[in-house]
**Student:** 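Below you will find the structure I want to go over with you.
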Amino acid sequence: MQELTHWIDGKHVKGASGRFSDVYNPATGEVQARTPLANKAELDAAVESAAQAQVKWGATNPQRRARVLMKFVTLLNRDMDKLAEALSREHGKTIPDAKGDVQRGLEVIEFCIGAPHLLKGEFTDGAGPGIDMYSMRQPLGVVAGITPFNFPAMIPMWKMGPALACGNAFILKPSERDPSVPLMLAELMQEAGLPDGVLQVVNGDKESVDAILDNEVIQAIGFVGSTPIAEYIYGRGCANGKRVQCFGGAKNHMIVMPDADMDQAADALVGAGYGAAGERCMAISVAVPVGEKTADKLIEKLIPRIEKLKIAPYTGGDDVDYGPLVTPQAKEKVLGLVESGIKQGAELVVDGRDFQLQGYEDGFFVGPHLFDRVTPDMDIYKEEIFGPVLSQVRTDSYEEALSLAMDNEYGNGTAIFTRDGDTARDFAHRVNIGMVGVNVPIPVPLAYHSFGGWKKSGFGDLNQHGPDSFKFYTRTKTVTARWPSGLKEGGEFHFKQMD
Ligand code: NAD
């Protein structure tokens with residue numbers, strides 16, 4: 001069986017802890033590799049050499065750093081097929097979806113090529129007599145990213161792109177469930193000209209995450225994953241004096257108004273609910289039609305669309321709609337929640353429990369499920385299912401639908417489908433959720449805006465990618481300078497207003 005490695009100082013390095021985690025091929029159910037789980041000593045050593053490498057990298061001018069990223073983009077495009085195949089093999093998502101995963105990361109790297117512009121400071125000429133004042137953005141030093149399984153290319157790139165462009169060294173602790181693509185990204189960064197040691201990939205689990213949290217050299221941590229872990233990392237990281245941003249789980253509602261184009265709404269719900277087998281933090285998991293008639297119509301339109309979904313391994317062609325879940329545990333959790341939904345009285349309109357794929361009986365495939373008449377007290381409403389399960393919650397009015405989304409503890413994404421501009425505008429303005437779609441089911445902001453949820457979906461002040469990321473990965477220093485012609489007055493003992 002293949003034994004994966006860490007990437008330290010520009011080389012593949014075998015794990016030394018003696019602990020490993022299985023990496024599945026979710027389509028067949030086979031364990032195809034094992035990944036080493038780093039201990040504290042391995043993590044600390046990687047950080048120490050990153051700190052040395054950072055000194056020169058931080059002093060490299062931003063344009064030269066940006067050129068490395070420019071070359072990296074070219075290499076990503078060159079290796080797109082290879083990356084997508086490796087990604088699908090470990091994650092299970094379809095090849096077009098895997099390419100989208102790489103592409104959305106690549107776009108953030110493209111944004112980071114603008115580092116020379118984004119890192120420009122502020123300057124006030126003549127803040128006082130002979131006095132100039134200027135602010136500069138400086139790298140933090142060594143920073144770390146801890147990333148989830150569901151976007152093994154995109155999210156590591158969302159983190160490493162801005163961190164490196166700003167002149168930091170970056171420690172990536174990717175998900176232990178699909179670590180091959182992050183290692184490939186590191187190889188490509190080296191080929192693009194990134195000096196060894198500036199990007200280290202340390203594979204691991206809680207032990208290496210705790211080592212990151214407690215390491216005194218690491219200045220900042222960007223995390224993406226489930227909410228309980230986000231809260232844990234935010235709490236312990238902040239207590240240790242680090243700058244921390246954590247993005248957590250989600251329960252995204254899509255409001256369907258009676259005036260919406262129902263075909264468009266149903267198409268959107270099927271794509272956003274079942275795409276990537278529902279393993280997206282921006283997946284729509286709750287459909288919220290307003291009015292009984294809207295609800296009935298929506299169900300009528302959803303059922304035939306859901307029944308037509310093609311579920312197959314990534315090798316099944318570009319028309320596959322979604323593949324297997326990532327692990328047997330993920331499958332078990334989703335099917336357990338489906339059972340709880342039935343027990344707690346939801347109406348299972350499309351039942352995917354008996355789904356089997358010939359030749360792939362041991363794969364982690366789950367058929368699509370649609371629940372109607374779900375209520376907020378049910379576990380299928382309260383929990384993030386992260387599987388191909390869509391719940392419909394019926395509401396009587398726009399205000400009730402809005403309150404439902406607002407009362408939910410998560411606040412990552414939401415959408416409204418309507419033809420009425422007033423309602424759409426009111427919704428976008430009032431809803432307490434970080435990313436909002438108007439007739440767009442998955443409103444993932446593009447690279448030059450920033451991505452972040454509210455409430456239990458995001459902890460920390462700044463968002464991911466976009467201009468916020470350059471603020472997160474730098475600190476501001478402000479200089480007040482007076483030159484000799486202004487230095488004639490003798491000592492000053494009080495704060496003085498500028499003349
Ligand atoms: P996860 O929380 O299980 O793991 C995320 C990372 O944390 C991994 O690197 C993992 O090794 C580490 N980790 C796991 N358990 C830990 C522990 N006890 N202590 C310390 N570290 C630990 O998440 P996942 O299953 O890989 O990803 C799915 C979750 O991520 C979903 O909840 C999804 O909504 C969320 N997600 C959120 C966003 C967002 O931007 N808000 C984006 C993608 C995924």
Side-chain angles (χ1 to χ4, degrees), residues 19 21 23 26 35-38 40 43 90-93 101 104-105 108 144-159 171-179 181-182 201-214 221-237 244-252 276-285 325-327 329-331 333-334 383-387 408-414 433-435 442-445 450-460 462-466 468-469:
R19 291 197 310 124
S21 170
V23 178
T35 189
L37 302 174
K40 184 168 162 37
L43 187 280
E90 288 183 355
H91 178 285
K93 62 175 76 174
D101 192 328
R104 278 298 184 107
V108 168
I146 301 161
T147 55
F149 82 86
N150 68 328
F151 284 98
M154 178 181 88
I155 296 181
M157 284 194 266
W158 284 10
K159 305 284 176 208
I171 308 289
L172 173 64
K173 205 306 282 171
S175 170
E176 62 275 41
R177 293 178 216 160
D178 44 15
V181 169
V201 182
V202 180
N203 281 306
D205 59 358
K206 180 170 167 52
E207 189 173 338
S208 51
V209 170
D210 286 348
I212 288 174
L213 292 169
D214 295 341
I221 299 173
F223 169 86
V224 180
S226 59
T227 290
I229 312 297
E231 279 184 298
Y232 166 69
I233 288 176
Y234 191 69
R236 186 155 161 182
V244 189
Q245 57 172 198
C246 293
F247 300 93
K251 197 79 189 174
N252 304 317
E279 289 177 324
R280 288 181 183 142
C281 68
M282 289 292 276
I284 295 285
S285 48
L325 295 180
V326 67
T327 55
Q329 293 80 11
K331 177 171 174 175
K333 179 189 165 198
V334 170
E383 287 205 31
E384 183 184 36
I385 302 176
F386 230 53
N408 193 276
E409 64 174 342
Y410 293 110
N412 213 37
T414 187
I433 289 172
M435 292 168 282
I442 305 191
V444 176
S450 63
F451 181 112
W454 291 12
K455 300 185 278 182
K456 294 252 175 186
S457 297
F459 304 84
L462 293 164
N463 281 347
Q464 312 187 78
H465 66 68
D468 268 17
S469 61

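When a ligand or atom number is given, it counts from 1 through the structure's own listing order. Values in this document were obtained by computation on a predicted structure and should not be read as measured data.
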**Student:** Does Phe151 approach ligand 1 within less than 4.0 angstrom via side chain, backbone, both or neither, non-hydrogen atoms only?
**Tutor:** neither
**Student:** When you look at Glu383 and Lys251, which way does the salt bridge (Lys or Arg N to Asp or Glu O under 4.0 Å) test go after all the steps?
**Tutor:** CA-CA 8 Å; Glu383 287 205 31; Lys251 197 79 189 174; over 6 Å; no
**Student:** Just do the side-chain contact (heavy atoms from CB on, under 4.5 Å) check on Glu279 and Phe149 with the steps written out, would you?
**Tutor:** CA-CA 9 Å; Glu279 289 177 324; Phe149 82 86; 3.6 Å; yes
**Student:** What residue and atom, counting heavy atoms only, is the protein's closest point to atom 40 (O) of ligand 1, and at what distance?
**Tutor:** Phe451 CE2, 3.1 Å
**Student:** If you count the atoms of ligand 1 from 1 in the order shown, which ones are under 4.0 Å from a heavy atom of Asn150?
**Tutor:** 43 (C), 44 (C)
**Student:** Any non-hydrogen side-chain atom of Phe386 less than 4.5 Å from a side-chain atom of Val334?
**Tutor:** no
**Student:** For ligand 1, does Asp210 get within less than 4.0 Å through its side chain, its backbone, both, or neither, judged by non-hydrogen atoms?
**Tutor:**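 Neither; nothing of Asp210 gets under 4.0 Å from ligand 1.
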**Student:** Using heavy atoms and a 4.0 Å limit, tell me yes or no: is Val326 in contact with ligand 1?
**Tutor:**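 Judged by the 4.0 Å heavy-atom criterion, Val326 does not count as contacting ligand 1.
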**Student:** List the atom of Trp454, the atom of Ile433, and the distance in Å for their closest heavy-atom pair.
**Tutor:**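 Smallest heavy-atom distance, with atoms named: CE3-N, 3.7 Å.
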**Student:** What are the two closest non-hydrogen atoms of Cys246 and Tyr234, and how far apart are they?
**Tutor:** SG-N, 3.7 Å
**Student:** Does atom 4 (O) of ligand 1 have any protein heavy atom closer than 4.0 Å?
**Tutor:**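 No, there is none.
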**Student:** When you measure from atom 6 (C) of ligand 1 to each heavy atom in Phe223, Phe247, Tyr410, which option holds the nearest one?
**Tutor:** Phe223
**Student:** Taking all atoms of both residues into account, what is the closest heavy-atom pair of Gly249 and Thr227, and its distance?
**Tutor:**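 The answer is N-OG1, 2.8 Å.
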**Student:** Should the pair Asp214-Lys40 be classified as a salt bridge under the 4.0 Å nitrogen-to-oxygen rule?
**Tutor:** no
**Student:** With atoms numbered from 1 as shown, which atoms in ligand 1 lie under 4.0 angstrom from a non-hydrogen atom of Ile155?
**Tutor:**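 Listed by number with element, the hits are 42 (C), 43 (C).
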**Student:** Looking at side-chain heavy atoms only, is the closest gap between Val209 and Ile229 below 4.5 Å?
**Tutor:**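 No, too far: nothing below the 4.5 Å cut-off.
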**Student:** Can you tell if the side chain of Val244 reaches within under 4.5 Å of the side chain of Phe223, non-hydrogen atoms only?
**Tutor:** no
**Student:** Do me a favour and list the nearest non-hydrogen protein atom to atom 17 (C) of ligand 1 with residue, atom name and distance?
**Tutor:** Ile229 CD1, 3.6 Å
**Student:** Mark up the atoms of ligand 1 that fall under 4.0 Å of a heavy atom belonging to Ile146, in ascending order.
**Tutor:** 6 (C), 7 (O), 9 (O)
**Student:** Going by the order shown, which atoms of ligand 1 are within less than 4.0 Å of some heavy atom of Gln464?
**Tutor:** 40 (O)
**Student:** Taking all atoms of both residues into account, what is the closest heavy-atom pair of Asp205 and Glu176, and its distance?
**Tutor:**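 Answer, listing the atom of Asp205 first, then Glu176: CB-OE2, 3.8 Å.
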**Student:** Determine the minimum heavy-atom distance between Gln245 and Asn463, stating which atoms define it.
**Tutor:** NE2-O, 3.4 Å
**Student:** List the steps and the verdict of side-chain contact (heavy atoms from CB on, under 4.5 Å) for Arg177 and Val23.
**Tutor:** CA-CA 5 Å; Arg177 293 178 216 160; Val23 178; over 6 Å; no
**Student:** Does an N or O from Val209, backbone or side chain, lie closer than 3.5 Å to an N or O of ligand 1?
**Tutor:**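 N/O-N/O distance below 3.5 Å does not exist for this pair.
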**Student:** Going by the closest heavy atom to atom 27 (O) of ligand 1, which one wins out of Ser21, Gly453, Pro148, Gly452?
**Tutor:** Pro148
**Student:** Heavy-atom contacts under 4.0 Å between Glu176 and ligand 1: side chain, backbone, both, or neither?
**Tutor:**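 For Glu176, the contact with ligand 1 is made by the side chain alone.
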**Student:** Note the single closest protein heavy atom to atom 37 (C) of ligand 1, along with its residue, its atom name and the distance in Å.
**Tutor:**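 Nearest neighbour among protein heavy atoms for atom 37 (C) of ligand 1, to 0.1 Å: Gly248 O, 3.1 Å.
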**Student:** Hey, is Arg177 touching ligand 1 through its side chain, its backbone, both or neither, going by heavy atoms under 4.0 Å?
**Tutor:**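 Within the 4.0 Å criterion, Arg177 contacts ligand 1 through side-chain atoms alone.
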**Student:** Nearest heavy atom to atom 19 (N) of ligand 1: which of Gln329, Met154, Lys206, Lys173 does it belong to?
**Tutor:**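 Looking at heavy atoms only, Lys206 sits closest to atom 19 (N) of ligand 1.
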**Student:** Looking only at distances, can you tell me whether any N or O atom of Ile233, backbone or side chain, sits closer than 3.5 Å to an N or O atom of ligand 1?
**Tutor:** no
**Student:** Nearest 0.5 angstrom please: Trp158 CH2 to Phe247 CZ, how far?
**Tutor:** 9.0 Å
**Student:** Check Asn412 against Gly453 and note the closest heavy-atom contact, atom names and distance.
**Tutor:** OD1-CA, 3.4 Å
**Student:** Report the part of Thr227 (side chain from C-beta onward, or backbone N, CA, C, O) that has a heavy atom under 4.0 Å from ligand 1; answer both or neither where that applies.
**Tutor:** neither
**Student:** Starting from atom 32 (O) of ligand 1, what is the nearest protein heavy atom, named by residue and atom, and what distance separates them?
**Tutor:** Glu384 OE1, 2.6 Å
**Student:** For ligand 1 and Thr147, I'd like to know whether there is a polar contact (N/O to N/O, distance under 3.5 Å).
**Tutor:** yes
**Student:** Determine yes or no for a side-chain-to-main-chain donor-acceptor pair under 3.5 angstrom, with Gln464 supplying the side chain and Lys159 the backbone.
**Tutor:**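 Looks like no, no N/O pair under 3.5 Å.
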**Student:** Which atoms of ligand 1 are found less than 4.0 Å from any heavy atom of Val224?
**Tutor:** 5 (C), 36 (N), 37 (C), 38 (C), 39 (C), 40 (O), 42 (C), 43 (C), 44 (C)
**Student:** Compare Ser226, Gly225, Cys281 and give the one whose heavy atom is closest to atom 2 (O) of ligand 1.
**Tutor:** Ser226
**Student:** Can you report which non-hydrogen protein atom sits closest to atom 26 (O) of ligand 1, along with the distance?
**Tutor:** Phe149 N, 3.0 Å
**Student:** Can you report which non-hydrogen protein atom sits closest to atom 28 (C) of ligand 1, along with the distance?
**Tutor:** Phe386 CE2, 3.7 Å
